[in-house]
Visitor: 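Submitted below is the structure of interest, expressed as structure tokens.
Computed from heavy atoms alone, side chains included, the values below leave out hydrogens, waters and symmetry copies.
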Amino acid sequence: MTSRRFIYFICSVSAMGGLLFGYDWVVIGGAKPFYELYFGINNDEILQGVAMSTALVGCLFGAMTAGALADRFGRKPLLTLAAVLFTVSAVATGAFNDFTSFNVARFIGGIGIGVASALSPMYIAEVTPAHIRGRMVSLNQMTIVLGILAAQIVNMLLARDSLQAETQAWNVAWGWRWMFWAETIPAALFLVLSFFIPESPVYLQLKATTKSQPTKEKAGLEELFQHKYGRVLLLGLFIAVFQQWCGTNVIFNYAEEIFKGAGFDVNGLFIQIVITGIANVIFTFVALYAIERWGRRTLMLIGAGGLGLIYLTLGTCYFAHVQGVAMVVLVVAAISIYAMTLGPVTWTLLAEIFPHRIRGVAMASCTFALWVGCCTLTFSFPSMNAGLGSSGTFWVYSAICAIAFVFLFRNCPETKGKSLEELEKELVK
């Protein structure tokens, strides 16, 4: 019992990286109208884009370097580093008074997101036994959606009060700062607790193996791209990019545009956004149980197929100018399916399918690909929405989901209940 409680504790601490990942990723959407006025960039689309994308660039950098650093220094020090970066960024982003320093602070936070998104699920997979591994890795996704919901609630509480002129002036001067500063509390807690978790036993085993065989170098990109890893690497890269390009995350990044297109006014926007956040949390809880009962492959197929049908319907409704509650139901349904399938299962599969020797660099490479997918999705949506309309855009996402369903049906293995060693023998030949 004590051993299981300790496993739950260390997994929960590692998953706090996901909480901060979710909060930091979404909070800027609520702060956006206020810091843009403060920095005087409300009429400069280029600088607005810079402010929104700086953290994403940091994510790419953090994800790209996390694997090599984790293999060299260990998983635990990298989790502590991520906590430091989150804490520094949370304090500095709200404290700086010039636009350049603001973006430097956002970049630092982005590095933390990149590191945490690669290391947290990998660490959890390496410290948990096979029969609860899926549930524990999914805990990382649960904390991500809790972080998203927390940011949405903080944004709503401040933004709704901004309807009054006096409060609007306070928000421009201070409100956006407190949105970022609120992250300091969980970031500091993550930093303190990271000193109380052990190093991953897989890393310790790899380190001992390297010492006993000095000529055996650590795995790098050159080894990762060897033919024997081709199948598993292609699968990892595909599911990482598809998790983003399935289209669900545009609902979080561009919720205002989506709900306005569905006929909602400003007063209803933040309420609808929080509703999506609540659905996200509820169905991620469902995933914690479904992932060990239904299996990873089944849930991935349900996610791809279900989202494909919903986006086909959603695009048709936009084309027919349907508005109101029906559109909210479809959006919430999309969020719900994503939350119990592609959201958590992607991270679980990425943490499971790679052999010990290349897991660090493979996870980093797939996480880097995931963030490239996030960047391209985020930047392409406004152009697609303007050129194809909301209907055409969601039809494109529906087609992507259909293609992914076929690929996953042919290539995605079932990993439920199998040890990491068994999976290595099965997937690497």
Visitor: Are Leu314 and Met327 side-chain neighbours, meaning at least one heavy-atom pair lies under 4.5 Å?
Guide: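 Contact flag for Leu314/Met327 side chains = yes.
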Visitor: With a 6.0 Å cut-off (strictly less than), is the heavy-atom count around CZ of Phe61, excluding the residue itself, greater than 12?
Guide: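 No, CZ of Phe61 has 12 or fewer neighbouring heavy atoms, counting only those of other groups under 6.0 Å.
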Visitor: If you round to the nearest 0.5 Å, how far is CZ of Phe102 from OG1 of Thr93?
Guide: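 Those atoms lie 6.5 Å apart.
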Visitor: For Leu299 and Ile291, which heavy atoms make the closest approach, and how far apart are they?
Guide: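 Here Leu299 and Ile291 meet closest at CD1-CA, 3.6 Å.
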Visitor: Find the distance between CD1 (Ile239) and CZ (Phe407) and round it off to the nearest 0.5 Å.
Guide: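 Spacing of CD1 (Ile239) from CZ (Phe407) equals 9.0 Å.
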Visitor: With side chains defined as the heavy atoms from C-beta onward, is the minimum distance between Pro129 and Ile7 less than 4.5 Å?
Guide: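 They are in contact (side-chain heavy atoms under 4.5 Å apart), so the answer is yes.
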Visitor: Between Thr367 and Met363 (side chain of the first, backbone of the second, donor and acceptor by atom type, cut-off under 3.5 Å), is there such a pair?
Guide: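 Between the backbone of Met363 and the side chain of Thr367 there is a qualifying donor-acceptor contact (under 3.5 Å).
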Visitor: Quick one: are Trp294 and Ile302 in side-chain contact, heavy atoms under 4.5 Å?
Guide: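 Yes, side chains in contact.
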Visitor: Please report the closest heavy-atom contact between Leu350 and Ala240, naming both atoms and the distance.
Guide: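 So the minimum-distance heavy-atom pair works out to CD1-CB, 4.2 Å.
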Visitor: Minimum heavy-atom separation for Ser120 to Asn140, with atom names?
Guide: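 Heavy atoms of Ser120 and Asn140 come nearest at CB-OD1, 3.3 Å.
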Visitor: Can you give me the closest heavy-atom contact between Arg133 and Thr128, atom names plus distance?
Guide: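 Taking every non-hydrogen atom into account, CG-OG1, 3.4 Å.
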Visitor: Got a sec, which pairs hit side chain to side chain donor-acceptor pair (under 3.5 Å) with one end in residues 8-19, sequence neighbours left out?
Guide: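 Applying side chain to side chain donor-acceptor pair (under 3.5 Å) to every pair that reaches into residues 8-19, excluding sequence neighbours, yields nothing.
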Visitor: When rounded to the nearest 0.5 angstrom, what distance separates CD1 in Ile278 from CD1 in Ile153?
Guide: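 CD1 of Ile153 is found 6.5 Å from CD1 of Ile278.
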Visitor: Assess the residue pair Trp176 and Asn171 against the criterion (side-chain contact (heavy atoms from CB on, under 4.5 Å)); give the C-alpha distance rounded to whole Å, side-chain angles, the decisive distance to 0.1 Å, and a yes or no.
Guide: CA-CA 6 Å; Trp176 64 271; Asn171 272 327; over 6 Å; no
Visitor: How long is the span from the CD1 atom in Ile335 to the CZ atom in Phe283, to the nearest 0.5 Å?
Guide: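 Ile335 atom CD1 to Phe283 atom CZ measures 11.5 Å (nearest 0.5 Å).
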Visitor: Would you indicate whether Phe409, at its atom CZ, is surrounded by more than 12 heavy atoms from other residues, nucleotides or ligands within a distance under 6.0 Å?
Guide: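 It does not: Phe409 CZ has 12 such atoms or fewer within range.
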Visitor: In Å and rounded to the nearest 0.5 Å, what is the CD1 to CG distance from Ile353 to Leu233?
Guide: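 Going from the CD1 atom of Ile353 to the CG atom of Leu233 covers 8.5 Å.
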Visitor: Taking side chain to side chain donor-acceptor pair (under 3.5 Å) as the cut-off, I'd like each qualifying pair that reaches into residues 73-84, sequence neighbours left out, listed once.
Guide: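 The answer is Asp71-Arg75, Arg75-Glu126, Thr80-Ser194.
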Visitor: What's the shortest heavy-atom distance between Ala116 and Phe86, and which atoms?
Guide: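 Between these two residues, the closest heavy atoms are CB-CE1, 4.0 Å.
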Visitor: Can you find a heavy atom in the side chain of Thr415 that is under 4.5 Å from one in the side chain of Leu349?
Guide: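 In contact.
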Visitor: If only atom types and distance count, is the side chain of Tyr311 paired as donor or acceptor with the main-chain N or O of Ala334 below 3.5 Å?
Guide: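 Pair absent, no side-chain N/O of Tyr311 close to backbone of Ala334.
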Visitor: On the 0 to 90° scale, with breaks at 30° and 60°, tag the Tyr318-Phe394 ring pair as parallel, tilted or perpendicular.
Guide: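 Geometry flag for Phe394 against Tyr318: parallel rings.
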Visitor: Give the intermediate values and the outcome of side-chain contact (heavy atoms from CB on, under 4.5 Å) for residues Leu20 and Phe190.
Guide: CA-CA 9 Å; Leu20 294 161; Phe190 180 33; 3.5 Å; yes
Visitor: Does the structure place the NZ or CZ of Arg177 under 6.0 Å from the centre of the six-membered ring of Tyr35, at an angle of no more than 45° from the ring's axis?
Guide: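 Pair Arg177/Tyr35 does not count as cation-pi.
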Visitor: Considering only residues two or more places apart or on different chains, which pairs with a residue in residues 368-377 satisfy side chain to side chain donor-acceptor pair (under 3.5 Å)?
Guide: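 Pairs touching residues 368-377 that pass the test: Ser117-Trp371, Trp245-Thr376.
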Visitor: Quick one: closest heavy-atom pair of Ala70 and Leu119, and the distance?
Guide: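 That closest heavy-atom pairing would be CB-CD1, 3.7 Å.
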Visitor: With side-chain contact (heavy atoms from CB on, under 4.5 Å) as the criterion, how do Leu235 and Arg231 come out once you've worked through the C-alpha distance, each side chain's angles and the decisive distance to 0.1 Å?
Guide: CA-CA 6 Å; Leu235 175 63; Arg231 176 193 172 195; 5.8 Å; no
Visitor: Check for a donor-acceptor pair, side chain of Thr143 on one end and backbone N or O of Ala15 on the other, with a separation under 3.5 Å.
Guide: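 Yes; judged by distance alone, with no hydrogens or angles, the pair exists.
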Visitor: Is Met300 close to Leu342 at the side-chain level, that is, under 4.5 Å between some pair of heavy atoms?
Guide: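 Result yes, sub-4.5 Å side-chain heavy-atom pair found.
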Visitor: Test your reading of the model: is there a side-chain donor-acceptor pair from Glu414 to the backbone of Arg297, 3.5 Å cut-off?
Guide: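 Yes: the side chain of Glu414 pairs with the backbone of Arg297.
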Visitor: For the residue pair Leu78 and Leu81, establish whether any side-chain heavy-atom pair is separated by less than 4.5 Å.
Guide: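 Yes. Closest side-chain heavy atoms under 4.5 Å.
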Visitor: If the condition is side chain to side chain contact (heavy atoms under 4.5 Å, CB included), which residues does Glu292 pass it with, not counting sequence neighbours?
Guide: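 Partners of Glu292 by the side chain to side chain contact (heavy atoms under 4.5 Å, CB included) criterion, ordered by chain and then number, come out as Arg135, Arg296, Lys416.
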Visitor: Could you pull out all donor-acceptor pairs under 3.5 Å where a side-chain atom in residues 178-187 meets a protein atom, sequence neighbours excluded?
Guide:
residue: Trp181; atom: NE1; partner: Val91; partner atom: O; Å: 3.0
residue: Thr184; atom: OG1; partner: Trp181; partner atom: O; Å: 2.9

Visitor: Please test Asp24 against Arg106 for side-chain contact (heavy atoms from CB on, under 4.5 Å), starting from the C-alpha separation and ending with a verdict.
Guide: CA-CA 9 Å; Asp24 199 277; Arg106 289 295 297 158; 3.0 Å; yes
Visitor: Just verifying a value: how many Å separate Ile113 CD1 and Ile108 CD1, rounded to the nearest 0.5 Å?
Guide: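 Atom-to-atom, Ile113:CD1 and Ile108:CD1 are 12.5 Å apart.
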Visitor: Could you tell me which residues satisfy side chain to side chain contact (heavy atoms under 4.5 Å, CB included) with Ile10, sequence neighbours excluded, listed by chain and number?
Guide: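 Side chain to side chain contact (heavy atoms under 4.5 Å, CB included) list for Ile10, sorted by chain: Phe6, Tyr123, Val127, Ile197, Pro198.
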